Amino acid sequence: MKIQNKRIITLILFVLISFVGVAQGTPALPPPGPPAPPPGLPIDGGIISGIVFALFYGAKKLLFKPNN
């Protein structure tokens, strides 16, 4: 058998194998899980108290600057 015939047969086999691989398809995805539970701690109070603390701290730093 000539080398050219071997290459043609090899090419045909690779093409047929790729068709078999595509014909199998992809598996179905599982259904999505339940949604995550809400967080246990609210962050509202922490943000407001942090902003208030930052304002008071900034005002104190501005008002009581040491004179150099």
Side-chain angles (χ1 to χ4, degrees):
M1 199 177 240
K2 293 183 179 178
I3 292 180
Q4 186 175 4
N5 289 343
K6 287 182 181 180
R7 286 185 181 174
I8 291 174
I9 292 173
T10 306
L11 179 65
I12 290 172
L13 286 176
F14 276 119
V15 170
L16 290 177
I17 289 173
S18 66
F19 281 133
V20 170
V22 172
Q24 291 178 358
T26 58
L29 295 175
L41 298 174
I43 59 171
D44 303 0
I47 291 176
I48 292 172
S49 63
I51 291 172
V52 169
F53 176 75
L55 287 174
F56 279 121
Y57 183 73
K60 179 186 171 210
K61 283 290 192 179
L62 286 175
L63 290 175
F64 299 113
K65 277 199 284 191
N67 294 330
N68 289 340

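If you're wondering where the values come from, they're calculated on a predicted model, not measured in any experiment.
L13 is linked by a side-chain contact (heavy atoms from CB on, under 4.5 Å) to I9, counting only residues two or more places apart in sequence or in another chain.
With a 4.5 Å cut-off between side-chain heavy atoms of Ile, Leu, Val, Met, Phe, Trp and Tyr, the cluster of L29 takes in none. The hydrophobic cluster around I12 extends to I8, L16, counting ILVMFWY residues whose side-chain heavy atoms fall within less than 4.5 Å of a member.
Residues L55 and I47 share a single hydrophobic cluster, defined by chaining ILVMFWY side chains whose heavy atoms lie under 4.5 Å apart.
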